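Predicted model only: the values in this text are computed from it and were never measured. Residue numbering restarts at 1 for every chain, and letters A, B, ... go by the order of the sequence lines.
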Amino acid sequence: MLDFLGDLRRTHMCGVLRASNAGQKVVLMGWVNRRRDHGNLLFIDLRDRTGVTQVVFNTDRDQAIHEKAGALRNEYVIAVSGTVKLRDANTINPNMPTGEVELAVDELRILNESKLPPFLPSDTALTNEETRLKYRYIDLRRDVMQFNIAMRHKVAKAIRDYLSAQGFFEIETPFMTRSTPEGARDYLVPSRVQPGTFYALPQSPQLFKQILMISGFDRYFQIVRCFRDEDLRADRQPEFTQIDLEMSYPQAERVWEVVEGFLTAAFAAAGNEIKTPFPRMDYDEAIRLYGIDKPDLRLPAFTDVRDCFTPENLQELAINANLPVIAIRTPKVGELSRKERDDIKPMFHAKGGARVYEDFKRIGNKYPDAAAAIAKKSAIEDGDLIVLVAGSAQAGPQTAMPAHRKVTPAELAIYGSAGLLRLALAQKYAEKHGIFKKTGDAAKDYRFLWVTNFPMFEWDEGEKQWMAAHHPFTSPHDEDMGLLEEGVESVKDPQSTLSAVRALAYDVVLNGTELGSGSIRIHRQDIQSKIFRALGMTEEEAKSRFGFFLEALEYGTPPHGGIALGLDRIVMILAGAESLREVIPFPKTARAVDLMVDAPTPVGEKQLKELGISVKKLG
RNA sequence: GGGGACGUAGUUCAGUUGGUUAGAACGCUGCCCUGUCACGGCAGAGGCCGCGGGUUCGAGUCCCGUCGUCCCCGCCA
């Protein structure tokens, strides 16, 4: 027999009562978290989003209420009114914030029962994710999920408040928009009114926010859902939330200041202090020092130890002397067994002639002088592991494409392979060197970095042409306009000067994760046309894809630029979570399925017919 | 599209070289218990071993297929 809520009014949340509340009459409402039945004495831990309070029923106080409470089971929803009592000294629970008090009940209303849930929110052991996602409403009752979602709110609010205070307007842009075939696959929405045509869900509000600058809003931001129909990963969902912003008349540094400002506010909201300004690094330097464009600064950089060997040494080792010899130092790994050292080679994914050479210990036995020089140059300490990556002499010097870049493709192969191995080694020995901890002080070692001056174009080996590395609205570096001019007709030529054009693009990186990406945009129609031409697009093609935007550019577009950061990833890192699913209330599985609502589903023929769509049954 | 791991009670897991009736813990049900807080004690219920096929006298275990979840590569301007 269930009770109605009636006019009973909640006075306190379950997690807030303290010794100072003793003697007060209060009304609490929540879920039965745990029940401890001692016969004539019954304890209920009552839970809401703020925490848990112990509620006591005993026959001495009220026989009838005690009897009613006997029917309570886990996850029943109840209201209790009563008096806050100080606990006796010997019954205080120091492990809970409300552990000095308990509630002596005058009235119990059972507001709802619960079926036996597949798992209990109070369980410490984690249920498998499939069950958690199917019963997400129960999973979200767990304190960790409550904490993560609450943190998400606080972080978003801190960012919203900061940007508002800096003069940014929060402006909405359409979810039903135009498909642009570049980049990620679009999610499409069929139009009923215009049969055979489709809207696309935005991969980002890129062109709208640029148009808002053309429209004179000066500073725009939006915490906005974006959609990409690509395969998922632990850190990639098909719909995700971006902190998207754009501003007029900025240098890149002005954008960075804004980002550093709101990240400081966001991290403070989660109880963390971070230092600004963030260090900055050219793309080329990131590749040379870390072999990746999103370096994790918690790990040591590479050392080029080519000069530690004599030419004869290099020849004996079949190392290409024209390419760097990378020493990867992984700290505090300790003495490795023969087998552990053998296991390193299979972790290595060679690109274009790169080879992993004998580890430091083996080199040291054969070439003691070289080993001593390497140890000195790479500042090795006791227990550090050194692994060498170099170009294979057999594979040749690979000078087919010297190009105009500072890092040649042959070098890139070495750096890139070494970069992957560096991370694999760090991951493998993470426990020993204590770097990738998800909890405690080590988890709060936040190393931010701006990576700047990305190449404007990247050679696409499949298409045999240069493609936009960031997106085609990114401004080339002022100083590189000549190179663009020179290369504008040579999109199919791997030797084109396009390879040397730098973009005014920047990524903000945190501990090896790309948090966000932005650029100063092109605001002049003449430069925009050149970029499209350099990308091999005819005027007609450009017009049919982006005509509205190119036209808008011609009506007095101010210089502008901006950035977008992944809110989910920021919260994931702050929460110490391994997956975005831990910070998104209703996420999708690796096959992009929502297990709770069971989406996507087939739809009826009538619905399809209205949309002018016919689907042949598969199989 | 490719590679890998996993799937046994409501939940987390164990299950030997293929061999009688598939186990444990938690949870659940009933009884007992007035100071517990992961309460305790006694008793009990609960299994399409993901699904389908095959090998075998005999399959949770071996083989093939399939479905699902997770991780990675490709992909993500």
- line: CZ of A:F57 to CD of A:E67, rounded to nearest 0.5 Å, is 13.0 Å

- request: Tell me whether the centres of the aromatic rings in A:F175 and A:F227 are closer together than 6.0 Å.
  value: yes

- prompt: Looking across every strand, which nucleic acid part, if any, lies under 4.0 Å from A:T127 by heavy atom: base, sugar-phosphate, or nothing?
  reply: sugar-phosphate

Under-4.0 Å side-chain N/O to phosphate OP1/OP2 contact, A:N128 with B:U12: yes

- line: Taken to the nearest whole Å, NZ/A:K588 to C1'/B:U69 is 16 Å

- prompt: Any luck finding a side-chain donor-acceptor pair between A:T173 and A:Q222 under 3.5 Å?
  reply: yes

message: At 4.0 Å (heavy atoms only), tell me whether A:N95 reaches a base, stays on the sugar-phosphate, or touches nothing.
response: nothing

query: Base, sugar-phosphate alone, or nothing: which one does A:R233 contact when heavy atoms must sit under 4.0 Å apart?
result: base

task: Please work out if A:R87 contacts a base, only the sugar-phosphate, or nothing of the nucleic acid, heavy-atom cut-off 4.0 Å.
output: base

field: Touch class at under 4.0 angstrom, heavy-atom based, for A:Q427 against every strand present
entry: nothing

- request: Please work out if A:T59 contacts a base, only the sugar-phosphate, or nothing of the nucleic acid, heavy-atom cut-off 4.0 Å.
  value: base

message: Categorize A:D229 for me: base, sugar-phosphate, or nothing, with a 4.0 angstrom heavy-atom threshold over every strand shown.
response: nothing

message: With a 4.0 Å limit, can you tell me whether A:R591 has a side-chain N or O closer than that to the phosphate oxygens OP1/OP2 of B:C70?
response: no

- prompt: Nearest-Å distance, CG (A:D293) to P (B:C76)?
  reply: 14 Å

message: The test is side chain to side chain contact (heavy atoms under 4.5 Å, CB included); show your working for A:N21 and A:V26 and say whether it passes.
response: CA-CA 9 Å; A:N21 298 103; A:V26 303; 5.8 Å; no

- request: Identify the nucleotide, in any strand shown, that forms a Watson-Crick or G-U wobble pair with B:A43, with both distances under 3.5 Å; if there is none, say none.
  value: B:U29

- prompt: Does a donor on one side chain and an acceptor on the other come within less than 3.5 Å for A:T53 and A:D45?
  reply: no

message: Using the rule given for salt bridge (charged side-chain N to carboxylate O under 4.0 Å, His left out), can you reason through A:R533 versus A:E541, listing the C-alpha separation, both sets of side-chain angles and the distance that settles it, and then say yes or no?
response: CA-CA 10 Å; A:R533 242 161 75 217; A:E541 276 177 295; over 6 Å; no

- request: Just name whichever nucleotide pairs with B:U66, Watson-Crick or G-U, keeping both distances under 3.5 Å, else none.
  value: B:G50

message: Using atom C1' in both nucleotides, what's the gap between B:A24 and B:A9 to the nearest angstrom?
response: 11 Å

message: So A:R132, base contact, sugar-phosphate only, or nothing? Heavy-atom distance under 4.0 Å.
response: nothing

message: Rounding to an integer number of Å, can you tell me how far A:N33 CG sits from B:C39 C1'?
response: 15 Å

query: Using purine N1 to pyrimidine N3 plus N6-O4 or O6-N4 for Watson-Crick, or N1-O2 and O6-N3 for G-U wobble, both under 3.5 Å, which nucleotide pairs with B:U55?
result: none

message: Looking at B:U11 and A:F119: do their rings stack (centroid distance under 5.5 Å, interplanar angle under 30°)?
response: no

query: Taking the same atom, C1', in B:C76 and in B:U11, what whole-Å distance lies between them?
result: 36 Å

message: Under 4.0 Å, counting only non-hydrogen atoms across every strand here, what does A:L126 touch: a base, just sugar-phosphate, or nothing?
response: sugar-phosphate

- request: Scan A:E130 against the nucleic acid and name what it touches under 4.0 Å (heavy atoms): base, sugar-phosphate only, or nothing.
  value: sugar-phosphate

- request: Evaluate whether the aromatic ring of A:H38 and the six-membered ring of the B:C39 base sit under 5.5 Å apart, centre to centre, with an inclination under 30°.
  value: yes

query: Whom does B:U20 pair with, Watson-Crick or G-U wobble, provided both distances fall under 3.5 Å?
result: none

